[in-house]
Amino acid sequence: MTSALDTFPVTQMPADGHYGPAGIHGVSVRVFDPPALALLAARRGGASALTVAAHATLGLALADAPRLARANGLGTIGAGPGRWLVLAEAPEDLTARLAPLAAHAAITEQTDGYVGFELSGVRTRDVLAKGVAVDLDPAAFPPGAAATTNVAHINVTFWREPGEERFVFLVARSYRVAFARFLIASGAEYGIAFAHRG
Amino acid sequence: MRIPCPYCGARDASEFAYLGDATLTRPDPAAPDADEAFHAYVYLRDNPAGAHSEWWYHSGGCRRWVKVARDTTSHAIAGAELAGGAR
């Protein structure tokens, strides 16, 4: 049996479109480039000073836990003890905006390093159950919960968005094709709408 | 086997890399018996059946070293803490 994926070289992103049985729409995937992304890593012993400075100068609440928090057009995602990914909602010079924190943290521009995948739809968790070894039940993984883990051997950082069943994944750019193929191969049975955001 | 990472929560062992015995202390290189002490530190290992303390690196998650108390006969894990102590 041939799969739609067989028609795409493994070096190219699959084409936008619907995969799976016609008329069934269980999952939507939107691929996007982060508007601006940076990694904030507290200097040794400086996590509490960084937390104070981030709150005072940028209004950011940095929780030392795998969680998403949003303020002033920035989302912060706990990626490890004393480390956060900072994702801007609109294009901006993120390193300049974070510069007041440079005394307390290493700031690494990552905008081109990652690709975002936004998953939504009633069968989203059924797709993710095939690759994510983290309990995604809302009781265990509520809106705002985040995790860094391996999915189909690909390292990802992801979180659950508030409201409807919606998850956002950040994937290293060089792995985006492999991750897209995992999603389509796993989600086609539920009907998956795959699109790049313009 | 699932390892309870203090930051990330319980995760499959495949996300971790194993370093080994966490009870060893690096010898003083200036001590007169440094050669023998380093030979023991680098090469000689006990092979305990039962409670063991060992290092696991959470390469697929928070990128931190975790000291895990594991029973080598049952894989039961009694506890885990981040290297460097403070969480």
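In what follows, chains carry the letters A, B, and so on, assigned in the order in which the sequence lines appear, proteins first and then strands, with residues in each chain numbered from 1. Quick caveat, the model's predicted, so the values are computed rather than measured.
- Counted within 6.0 Å of CZ on A:Arg181, heavy atoms from surrounding residues, nucleotides or ligands total more than 12; the atom is thus considered enclosed.
- Of all the heavy atoms in A:Pro81 and B:Arg64, the pair that sits closest is CB-NH1, 3.2 Å.
- Under the 4.5 Å side-chain criterion, counting only non-hydrogen atoms from C-beta, B:Glu15 is not in contact with A:Asn155.
- The local environment of CG in B:Asp46 is sparse, with at most 12 non-hydrogen atoms from other residues, nucleotides or ligands closer than 6.0 Å.
- Counting heavy-atom neighbours within 6.0 Å of B:Phe38 CZ, excluding the residue itself, gives a total above 12.
- Among residue pairs with one or both ends in residues 20-74 of chain A, those qualifying as ring pair (Phe, Tyr, Trp, His ring centres under 6.0 Å) are A:His18-A:His25; sequence neighbours excluded.
- More than 12 heavy-atom neighbours from other residues, nucleotides or ligands sit within 6.0 angstrom of CZ on B:Arg45.
- Within a 6.0 Å sphere centred on CD of A:Glu89, heavy atoms belonging to other residues, nucleotides or ligands number more than 12.
- Using non-hydrogen atoms only and a strict 4.5 Å limit, the part of residues 129-154 of chain A facing chain B consists of A:Ala133, A:Val134, A:Ala147, A:Thr148, A:Thr149, A:Asn150.
- Counting heavy-atom neighbours within 6.0 Å of B:Tyr18 OH, excluding the residue itself, gives a total above 12.
- Residues B:Cys8 and A:Pro66 fail the side-chain proximity criterion, which asks for heavy atoms closer than 4.5 Å.
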